[in-house]
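One structure, as structure tokens, below. Some questions next.
Every chain is numbered from 1, with letters handed out A, B, ... down the list of sequences.
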2 protein chains.
Amino acid sequence: MNPKITRFLAEQTPATPCLVVDVDQVEARYRALGKALPLARIYYAVKANPAMPILTRLVGLGSCFDAASWEEVSLCLEAGAHPEDISFGNTVKKVSAIQAAYRAGVRMFVFDCREELEKIAQHAPGSRVYCRLLVDNYDAEWPLSRKFGTTVESARDLMLEARALGLDPYGLSFHVGSQQLSAEAYEAAIARVASLFTDLSDAGLDLRMINLGGGFPIRYREDVPEIDHFAGAICRAMTEHFGNALPEMLVEPGRFIVGEAGVVHTEVVLVSARGRQDGPRWVYLDIGRFGGLAETEGESIRYAIRTARDGSPTGPVALAGPTCDGADILYEKSHYDLPLDLRSGEQIDLLGTGAYVSTYCSTRFNGFAPLSEYYI
Amino acid sequence: MNPKITRFLAEQTPATPCLVVDVDQVEARYRALGKALPLARIYYAVKANPAMPILTRLVGLGSCFDAASWEEVSLCLEAGAHPEDISFGNTVKKVSAIQAAYRAGVRMFVFDCREELEKIAQHAPGSRVYCRLLVDNYDAEWPLSRKFGTTVESARDLMLEARALGLDPYGLSFHVGSQQLSAEAYEAAIARVASLFTDLSDAGLDLRMINLGGGFPIRYREDVPEIDHFAGAICRAMTEHFGNALPEMLVEPGRFIVGEAGVVHTEVVLVSARGRQDGPRWVYLDIGRFGGLAETEGESIRYAIRTARDGSPTGPVALAGPTCDGADILYEKSHYDLPLDLRSGEQIDLLGTGAYVSTYCSTRFNGFAPLSEYYI
């Protein structure tokens, strides 16, 4: 576990549940990604963790930002980002949000359908736009495909339409799904985008940008391929399809930048055999699916757990949150083992919880206050 | 739709998304339940909606309260409830929460395992305790069974143990699952509880209370059996098993009291054919699974929808929330139809959203502020 966070927890003994994020590690991850993909501009996906200490650190490093809402645009500006370094990256935007972002100087917007394109043309005239393609999500542990993106055929028509509407038809994007374990997903998506680049060029429209989305995986319980593995595959695919005429490349990492930098510190509220000798013990924590661990839905994201008793004999457990909701179960099928002498009142740590935790947290489900956050 | 809420929305035109709850309708539902089950004391399940106007109205009506946390206990006290009218109804409680509730005068606690019983004995000495049994959830649309409750055998041992620990072994509880459509679920659970009453009486321990939990269904898209149907089945089962020696009866309704009294007013952010002529249109709202509609997970709870264009020709739609999260889809498989001329920027209403909406809402996922609430 991150030694800086370990020290902070030992010295400060903050009340649980809380999230502690090492902002230096965020910086290290940003730099590592920049080194692996030197030709790509990094647009940090603010939704992964919009805490001000993270945004200001990234602004200082020269990061650009992918915002999901006017509120996130506004946070980036507050952190010191220039509006031209912000992409409004949600394909679903209220007119009032487009207007507010445009007034603030944002000039890059995504879309994936004609209706949204027309809204952008009307309320953010002349802006750069890019169209999101539907691509295969392969081995993503938190897939995205059904809700967003359009077909190659439709994207072709829409990019031509964008020009006709007075917009700047800038490029194409895709998202292979979050926590994507397969580099092939990027390769296949790049091939699809490249064919459309060619097709549109034949139609007299030269696109300049390819947005590779995010999805780069981080370590939870299991090892994942290193970023160099993905970067290598991306570079090979880009060179294969574009040769020396590489378009601008954008990436939108969120989880990759902040995930491993965070630790959720939580109290064991109860350990119970539930009256059965044959089943697993049930371990109830003071954080659950509605306290921020939403990505445990379907047991999709499986966090690594550290206890003060690591090394002593373990046995199988089911893990659940503190609410009266039957759906507030973290892991029943994912074969977690915890020390046999773990007791209620003890504290344990959930690693890799810097991304997509603090923001999912409910306002007060079952009366519980939102997760406290510390950025160190 | 509720005429008082219709008038409020027309006159006040509040910004979307928002939740509007008719507190008079909450009162009417409370009274209806009291009339259907005159022998049962009502412990309102605060977690369904802990808004102060609801709690104060219910205090005025003489309601008791089922609290899921110390924070909910505290809210009830703030609303004017007496501590003896509060049940700490979460089987998973922090020691600090038990201590705080006990200090505040709360003397009724639930448990479902030895570890929790020992915590209560130590930190809330002499209190009334009841044990939660695991029962079949039959046709519950939001089931609860795996996480809570214990076996009849274990409950028997634990109630005897409770006495030995100096606690007051008050009774037994069960929960048939929320939005339960089958009266048989209550009948079967009562039979199970009754056999344990007898068994414990033979062992020299006379229990005095049966807590029937909640779960009474409300109308969403489809009609559900009336409360009298459930009340009749419960009374018959109680009489069959207990004769004239009826124990005290408690119920813990949440959804039944507040669900139908609430309307979520939301804006259509986008309507899109997504480049396909054969599929449904996609309708994106400014509220989704992470803005409060958590019970649409797995399309479990299917809200009725009202539009200003009701009556005009309709076609199939998929419904999704406003965030960049691929999991933020409300309904894809539940065969929703909406007017063909529905357009982005228009407002629509989700009915029956008074329960389990405001509190599930995330603090700021994708930057969106929590749902505004109006109690009228």
Side-chain angles (χ1 to χ4, degrees), chain A residues 46-47 50 67-72 75 89-90 92-95 112-113 115-116 119 142-148 150-151 153-154 177 267 269-276 284 286 290 294 297 320 322-324 326-329 332 344-345 359-370, chain B residues 46-47 50 67-72 75 89-90 92-95 112-113 115-116 119 142-148 150-151 153-154 177 267 269-276 284 286 290 294 297 320 322-324 326-329 332 344-345 359-370:
Chain A
V46 178
K47 58 185 167 289
S69 62
W70 158 245
E71 291 79 1
E72 285 193 356
L75 278 175
N90 190 337
V92 180
K93 297 173 286 297
K94 279 192 181 181
V95 164
D112 70 357
C113 68
E115 297 82 349
E116 190 73 10
K119 278 157 62 178
W142 193 258
L144 297 165
S145 65
R146 289 173 306 165
K147 185 177 168 185
F148 305 109
T150 191
T151 60
E153 298 69 33
S154 163
E267 181 180 317
V269 183
L270 181 64
V271 181
S272 166
R274 309 268 318 271
R276 291 169 237 168
Y284 300 86
D286 66 1
F290 306 109
E297 179 181 341
T323 71
C324 289
D328 188 12
I329 295 173
E332 249 192 306
S344 74
T359 51
Y360 273 118
C361 180
S362 77
T363 50
R364 52 173 177 172
F365 190 54
N366 276 223
F368 296 115
Chain B
V46 177
K47 58 185 167 289
S69 62
W70 157 245
E71 291 80 359
E72 285 193 356
L75 277 176
N90 190 338
V92 180
K93 297 173 285 299
K94 279 192 179 180
V95 163
D112 69 357
C113 68
E115 297 83 348
E116 188 74 10
K119 278 156 63 178
W142 193 257
L144 296 165
S145 65
R146 289 173 307 165
K147 185 176 168 186
F148 305 108
T150 191
T151 60
E153 298 68 33
S154 164
E267 180 180 318
V269 183
L270 181 64
V271 181
S272 165
R274 309 269 317 273
R276 290 170 239 167
Y284 299 87
D286 66 1
F290 306 108
E297 179 181 339
T323 70
C324 290
D328 188 11
I329 294 173
E332 248 192 306
S344 75
T359 52
Y360 272 118
C361 180
S362 77
T363 51
R364 52 172 175 171
F365 190 53
N366 275 221
F368 296 115

Q.
Taking the side chain as everything from C-beta on, heavy atoms only, tell me whether A:Leu270 gets closer than 4.5 Å to B:Cys113.
A. yes

Q) So what's closer than 4.5 Å to chain B heavy atoms on A:Phe290: side chain, backbone, both or neither? A) side chain

Q. What distance separates B:Ser69 OG from A:Asn366 CG, expressed to the nearest 0.5 Å?
A. 6.5 Å

Q: Using side chain to side chain contact (heavy atoms under 4.5 Å, CB included) as the criterion, list what pairs up with A:Pro50, not counting sequence neighbours.
A: A:Val46, A:Leu75, A:Thr359, B:Arg364

Q | Any donor-acceptor pair under 3.5 Å from B:Lys147 side chain to A:Asp328 backbone | A | yes

Q.
With chain A as the partner, which of B:Pro370, B:Gly345, B:Ala68, B:Ala369 has the greatest number of non-hydrogen pairs under 4.5 Å?
A. B:Ala68

Q) Which bit of A:Ser344 comes within less than 4.5 Å of chain B, counting heavy atoms only: side chain, backbone, both or neither? A) side chain

Q | Pairs of heavy atoms under 4.5 Å with chain B: top-ranked of A:Asp286, A:Ile329, A:Val269 | A | A:Val269

Q) Which atoms of A:Lys93 come close to chain B, meaning under 4.5 Å heavy atom to heavy atom: side chain ones, backbone ones, both, or neither? A) backbone

Q: Under the ring-ring contact (aromatic ring centres under 6.0 Å, His included) rule, collect the residues that match up with B:Phe368, sequence neighbours excluded.
A: none

Q: Identify which part of B:Val92 has an atom lying under 4.5 Å from any heavy atom of chain A, answering side chain, backbone, both or neither.
A: both

Q) Which atoms of A:Glu267 come close to chain B, meaning under 4.5 Å heavy atom to heavy atom: side chain ones, backbone ones, both, or neither? A) side chain

(Q) Strictly distance-based, threshold 3.5 Å: is any side-chain N or O of B:Asn90 a donor or acceptor partner for the main-chain N or O of A:Thr323? (A) no

Q.
Do B:Cys324 and A:Lys47 have side chains that approach each other closer than 4.5 Å (heavy atoms only, starting at C-beta)?
A. yes

Q: Report the option among A:Glu116, A:Lys94, A:Lys119, A:Glu153 that has the most heavy-atom pairs separated by less than 4.5 Å from atoms of chain B.
A: A:Lys94

